[in-house]
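To start, the structure under review is shown below, and the notes come after it.
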Amino acid sequence: MAAAVASSSTSAPQQTDALKAATFQRLHPRIYLERFLAENVRPDGRAFDQTRDVTVNVGSITTADGSSLVRLGETTVVCGVKAEIAEPELDSPDEGYIVPNLDLPAMCSPRFKPGPPSEEAQVLSDRLNEAFIASGIVDPTSLCIHPGKAVWVLYIDATCINYDGNAFDAALIAMVSALRNTRLPKTTYDEDTGRTTCSRKDRTPLQINASPLSMSFGIFESTHLLADPTTFEEPLLDTTVTVVLKDDGGLVSATQVGLGGVGSQDVLMSCIAAAKKRLTEVRPQIYRS
Amino acid sequence: MASRIEILNDGGFRSDGRKQYELRDISIDLSSQSSADGSASVSHGLTQVVVSVFGPREAKMRRETIHDRANINVEVNVAPFSAGERRRRGRGDKRILEFASTIKSTFEPVIQTTLYPRSQIDIYVQILQQDGGVLQACINATTLALASAGIPLLDFVCAVTGGVHSTSPLLDLTTLEENDIPHVTVAVMPRTGKVTLVTMETRLHVDRFEDIFRVACEAGKVIHKEMRAAVKERTGALVAAMGAAPRVAGAGAEAGERDVVMDERIDDY
């Protein structure tokens, strides 16, 4: 104990500086970020247009029909796909269902309180659903077992187990990777009994038509456009822009929340262009065949 | 009857190829999730669980503070894809609340809560995959997460499931075995041999109980070895990383001597 006390009083200047910086970051986050941006760098050392590294791990959960674990920097999302059989809607008898859901539990970050899903989780789930419908990732008619009687329902459940900003991008990658990893059993529908039999051994991979990728940006004080914000930067950004692109770079959706100008310029088009460039670079590493 | 899977065949092998007292592969990952104070991911065979610990920190609700101790809050989240059938369980699900309460009462006597009055220690459990021994995995992961968060504990808490098939005790059961034979989950503190949890929800003859209880306690010690090795490895990595930082002259020699003394004491266990 004595040695520890001695070392802190005669400790190297770097340690007291680090403590001062951490305190400043807590008390004046906005000015802290401003000072970094003035030097053309962000607090974690990235450039303004740089995204964090992504690692994807598929197939680790065998109870699920498809699964993935994605790390975008420190943001970690686990996703599992379960397929069940249900009756189709009356007005679309040959279409199955795709039900994505993102959970942001209290475990992933101190900013989420325990309780029913927060508004943020529900909004993100809805946006993910929109992205799936717009990109046509899985054709609902390919999930049909017997028209009017039996169709597949794909429940895509993603849980964030660590949150460091930008859950949408991480969750989209996780869900798409889990779908790409999904294998459905071969089925036979018996007309007489109305029951569907699933093969225990025979499984076929899901038919995937598109693999959307997204990139999110935030605008700080109408002066700087920051890509892939962390949990420190997020509350300080007044506008966020998310761009979702398909395999060929085609635009699936663009969402902007907030007024969104840098200087007097509208940034949506430049975000889309930046996303196109970046995503074509990283796509082969994220979605490996 | 031909398709019935044998729990324990004549050669002494179980349905997954293990012997009677053989435990499943344990994998422990202590690399922390950045926002949590401590976290651990533990898998026993196919059962996989992630636990994150926050605390001690200011209690979110004033009325839950205790004037002379820390309040322990446990929340369990079961992933819908974790079991064979997809089931979305709400937070208020009685089974899950019972689970959380079991974990809380297991750790209440072990965590030195008197050191942190009026604060709160949050334990969040996320169950990713279930293949039997879920409570066992949760308790082991919670111990490691608490240790990783630097929260003082009286001892490790190591849990294992045990069951009896006709007269033969089995250890570390899978879902298949749990559905078939009576089983018990035992959590022990290996240094003292004290037991902090015994839970059983199936009917078991009292003569058989003694055997399985004893065997489970022994198995707890085996799991303890694995957990200690994981913690030691992680601490070693942290120390090596810190060792790159500037050192104060004079403290080095003393610290070196202290290290030797500590190693001897650890090896005694």
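Proteins come first, then strands; the chains are lettered A, B, ... in the order of their sequence lines, and each starts at number 1.
Counting only distance, with no hydrogens or angles, the side chain of A:Lys82 and the backbone of B:Ser82 share no donor-acceptor pair below 3.5 Å.
Remark: A:Gln25 CD is packed, more than 12 non-hydrogen atoms of other residues, nucleotides or ligands lying under 6.0 Å away. Taking a 6.0 Å sphere around CD of B:Glu233, one finds it holds 12 or fewer heavy atoms contributed by other residues, nucleotides or ligands. The 12-atom threshold is exceeded at CD of B:Glu64, counting heavy atoms of other residues, nucleotides or ligands nearer than 6.0 Å. Other residues, nucleotides and ligands place more than 12 heavy atoms under 6.0 Å from the CZ atom of B:Arg18. Crowding of A:Arg42 atom CZ: a count of heavy atoms from other residues, nucleotides or ligands under 6.0 Å exceeding 12. Remark: A:Gln207 CD is loosely packed, at most 12 non-hydrogen atoms of other residues, nucleotides or ligands lying under 6.0 Å away.
When the candidates A:Gly115, A:Ala64, A:Ser60 are compared by the number of heavy-atom contacts under 4.5 Å with chain B, A:Gly115 comes out ahead. Per-residue heavy-atom pair counts under 4.5 Å with chain B were compared for A:Thr76, A:Asn101, A:Val81, and the maximum is reached by A:Asn101.
Within the structure, ring pair (Phe, Tyr, Trp, His ring centres under 6.0 Å) pairs that include any residue of residues 75-94 of chain B do not occur (at least two apart or interchain).
Of all non-hydrogen atoms in B:Ser35 and A:Asn162, the two that sit nearest each other are OG-OD1, 2.5 Å. The shortest non-hydrogen separation linking A:Pro114 to B:Glu75 is CB-OE2, 2.9 Å. Smallest separation of non-hydrogen atoms from B:Ser34 and A:Glu74: CB-OE1, 3.3 Å.
The side chain to side chain contact (heavy atoms under 4.5 Å, CB included) test applied to B:Arg57 returns A:Pro110, B:Phe54, B:Lys60, B:Asp122, B:Tyr124, not counting sequence neighbours. Scored by the ring-ring contact (aromatic ring centres under 6.0 Å, His included) test, B:Phe107 finds no partners at all (sequence neighbours excluded).
Between A:Thr159 and B:Asn77, the side chains place no donor N or O within less than 3.5 Å of an acceptor N or O (distance only, hydrogens not considered).
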task = Carefully, step by step, assess A:Val78 and B:Gln126 under the rule side chain to side chain contact (heavy atoms under 4.5 Å, CB included).
result = CA-CA 11 Å; A:Val78 174; B:Gln126 175 78 34; over 6 Å; no
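Looking at A:Thr75, there are no atoms closer than 4.5 Å to chain B (heavy atoms on both sides), in backbone or side chain.
B:Leu128 pairs with exactly one of A:Thr63, A:Leu69, A:Ile61 by the side chain to side chain contact (heavy atoms under 4.5 Å, CB included) rule, that one being A:Ile61.
Near-neighbour residues of residues 40-51 of chain B relative to chain A, defined by a heavy atom under 4.5 Å from a heavy atom of that chain, comprise B:Leu46, B:Gln48, B:Val50, B:Val51.
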